[in-house]
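Please read the structure below before turning to the comments.
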Protein chains: 2
Amino acid sequence: MSRMSQSLELTERAQHLLKVLIERYIDEGQPVGSRALAREAGLNLSPATVRNVMADLEEMGLVTSPHTSAGRVPTVKGYRLFIDSLLTIEPLDQDLVQRLWEDLEELEDPQELLETASQLLARITRMAGVVTLPQRRQIAFQHIEFLPLSGGRVLVILVTDDQEVHNRIIRPATPLTPGQLQQAANYLNAHLSGRRLTEIRAALVQEFKDAGRELQSLLEMAQSLISADALEEDCLVAGQTNLMSFAELSDWSRLRELFEIFEEKRNLIHLLDQCIEAEGVQIFIGEESGYQPLEQCSLVTRAYAVGDRVLGVLGVIGPTRMHYERVIPLVDVTARLLSTALNQKIASPS
Amino acid sequence: MSRMSQSLELTERAQHLLKVLIERYIDEGQPVGSRALAREAGLNLSPATVRNVMADLEEMGLVTSPHTSAGRVPTVKGYRLFIDSLLTIEPLDQDLVQRLWEDLEELEDPQELLETASQLLARITRMAGVVTLPQRRQIAFQHIEFLPLSGGRVLVILVTDDQEVHNRIIRPATPLTPGQLQQAANYLNAHLSGRRLTEIRAALVQEFKDAGRELQSLLEMAQSLISADALEEDCLVAGQTNLMSFAELSDWSRLRELFEIFEEKRNLIHLLDQCIEAEGVQIFIGEESGYQPLEQCSLVTRAYAVGDRVLGVLGVIGPTRMHYERVIPLVDVTARLLSTALNQKIASPS
DNA sequence: TTTTGGCACTCGTAGAGGAGGAGTGCTAAC
DNA sequence: GTTAGCACTCCTCCTCTACGAGTGCCAAAA
């Protein structure tokens, strides 16, 4: 009985049929029936045989049928198996890689680099591209500047070693003269350069003990740094409208929920942060992400880095029914190219 | 004959009926029939009489019927008349104004101020809120800083008098020492402070003639400023997902087009720029905006300013069928509050 | 033991037909 | 100028049916 195979391993044939079924479903977006699958599989099997295999696959939870008389549709578990062991990755077109590189290389500004990366991902995949901004905790202090404003307020400009400029307006409890500000900036620049923002908070507490009468102003500086550090993480999303083309997302309320996570980015950022530690390409299929609005979507991500410091992740969000064999290498390469580009731009500041 | 009134002016009664019709349509979203209108109008008229008036209104192009046996729906021309002379503006709840002010007042950073303004508009109206960033040409130079990077590149930090920080990485043709950079920055800060960015480009050309040997480095500085100036305008959009709730936008492809103008902001910015010169609240109804994706939408805007300098506009985008009597005063007040808040924060820098 | 053809059955989709209702325009009376 | 009455239009909703795709199961073939 073919039922024997259900318990542990899939036969080679069952695997092949699953693969063909999923490929076909990804292409067509409609449940695959036994007749079509038999024809497509190239194994000279009759639909009846295929039906038996499909029943097995269903019992193993790899496919389901939306209703009695429809074909089969892959489940999350089915996609998982497909991606982990059945997928034949399509090597990326070298022309495309070249073009990607040219688009990224010419940009000097890291911010623009990230924006462009997300846009490229969106444009090429015709889905949504996401890039998280570099995590603050990975980033080191490079330079600080205090600019006096009216009303005793001070504009704090903080340059970090990823060449990003952060700014914040603070209102010190006691007014400070331009001279004092300059002095404080000099001091901080001399002592903190190259240290990570997370270390600095601790370091500043240490300084207080030795600083004596300048404690007052230094306190303000510390505050400003901490608040600059406290800037919550952010991410860039491009091409979200592309997702409106997909029939499986055409459920009105579902789509709305999906778009809301792009607008209220907190959840999205939290999800992407989980991907930052994975090596290589990380994939969340449907409910695996744990977010209900992403039930019908998959997320393909990869971290980007400068040197050995992982800064953030980039990726693609689209329907579970996406062409993984093309998206995975694309995300992979884009993350590498972005890392390389950032390395070139940032590298060792003088 | 009631047909007499068609030629020139609307009778008082016809105006009143038009007003009630549009109010009812805005509330219900469905064509208004003669029976309902007769009941609602409070004029003790029979449906038949109302039908006669409606026929007149239709001939004047103020209403249409989607098909023979439906009620009437306002046209753009009808909305226009309604807004320009029939609308009774609802005074804004003072509590709400107070809360708006509290939300804005506490923010120090102009950027955050603008973001919050658009979010408030979106949240209160349950439509989309938009705010354009201050126009560069309105803005004056305040302070510049050059930070040497590796590879001869230089990070240019430009602080403008709206307390925004712009930064850009440039790569001078000939390498410059930190001393030279400092010198150049000092020079520019001394000479250009307070002048508008648009003037500066011309001023720099003038300086070249006198500068002599420092010409080389000054050239670079000029370039950087111009490119910082060339930063294209931008705008912030909040609550675009709110627009998915409206039945009249539920046409799949229409909604997609609409969302695309939020993503590819150029057209939207261009449209908003047109509103910047109008005094008071400006309204585009449906096709009046000239953008086909906004056919079913209205745009209610008002400029915001610091002192006598108009910096940008803020507004609300929603279905033509919106509660203008509430949206108009809200946009009006929000723009005023934003202006006041910006005035407080920016004012005269020391 | 595996594969296959046959067959009854299920279920979603698409289309036709019909009833009901909302609203209109017109006409004639008030 | 206003109103009641009436015939007419057209949209919406419902039901019913036919159809087709696909299934599961069984018994026969390989």
Side-chain angles (χ1 to χ4, degrees), chain A residues 1-7 9-17 20-21 24-25 28-60 62-75 247-248 250-251, chain B residues 1-7 9-17 20-21 24-25 28-60 62-74 247-248 250:
Chain A
M1 296 265 292
S2 67
R3 283 298 147 78
M4 301 289 290
S5 60
Q6 100 189 42
S7 51
E9 300 267 299
L10 260 70
T11 63
E12 195 113 334
R13 191 177 68 179
Q15 286 189 17
H16 180 247
L17 283 175
V20 175
L21 185 150
R24 163 125 185 169
Y25 179 71
E28 313 275 334
Q30 265 162 9
V32 182
S34 55
R35 174 188 308 276
L37 187 52
R39 215 182 321 109
E40 206 109 334
L43 292 179
N44 260 346
L45 292 174
S46 75
T49 314
V50 171
R51 277 205 288 278
N52 288 329
V53 180
M54 282 166 113
D56 295 349
L57 292 174
E58 181 152 24
E59 243 172 296
M60 284 187 263
L62 298 170
V63 298
T64 9
S65 51
H67 57 86
T68 335
S69 82
R72 299 308 209 290
V73 163
T75 62
E248 53 264 65
S250 66
D251 180 344
Chain B
M1 298 263 291
S2 68
R3 285 297 146 80
M4 300 288 292
S5 59
Q6 103 191 39
S7 51
E9 301 268 298
L10 260 70
T11 63
E12 195 113 337
R13 191 177 66 176
Q15 286 189 17
H16 179 246
L17 284 175
V20 175
L21 185 149
R24 163 124 186 170
Y25 179 71
E28 313 274 335
Q30 265 161 9
V32 182
S34 54
R35 175 188 306 275
L37 188 52
R39 217 182 320 110
E40 207 109 332
L43 293 179
N44 260 349
L45 292 175
S46 76
T49 314
V50 171
R51 278 205 287 279
N52 287 329
V53 180
M54 280 166 115
D56 296 349
L57 293 175
E58 182 152 23
E59 243 171 297
M60 285 188 261
L62 299 169
V63 297
T64 11
S65 51
H67 57 86
T68 335
S69 82
R72 300 307 208 293
V73 163
E248 53 265 64
S250 67

Can you check whether B/Arg72 reaches B/Val32 side chain to side chain, under 4.5 Å on heavy atoms?
->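 B/Arg72 does not reach B/Val32 side chain to side chain.
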
Summarise how protein sits on nucleotides 18-24 of chain D as a single string, 5' to 3': B when a protein heavy atom is under 4.0 Å from the base, S for sugar-phosphate-only contact, - for no contact.
-> ---BBBB

Salt bridge (charged side-chain N to carboxylate O under 4.0 Å, His left out) involving A/Arg24 - partner list, sequence neighbours excluded | A/Glu40

Atom of [X], atom of [Y] and distance for their closest heavy-atom approach:
X: A/Leu45; Y: A/Ala38; value: O-CB, 3.5 Å
X: B/Pro74; Y: B/Leu21; value: CD-CD2, 4.1 Å
X: A/Leu10; Y: A/Met60; value: CD1-SD, 3.3 Å
X: B/Thr64; Y: B/Glu58; value: CA-OE2, 3.8 Å

What is the distance from CG of B/Leu37 to P of D/dT3, rounded to the nearest Å?
->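 So the two atoms are 13 Å apart, to the nearest Å.
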
Which of residues 42-50 of chain B have a heavy atom under 4.0 Å from DNA chain C?
->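 By residue number: none to list.
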
Short question: side chain of B/Ser46, backbone of B/Thr49 - any donor-acceptor pair under 3.5 Å?
->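 Between the backbone of B/Thr49 and the side chain of B/Ser46 there is a qualifying donor-acceptor contact (under 3.5 Å).
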
OG1-CG distance between A/Thr11 and A/Leu17, expressed to the nearest 0.5 angstrom |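 Here the rounded value is 7.5 Å.
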
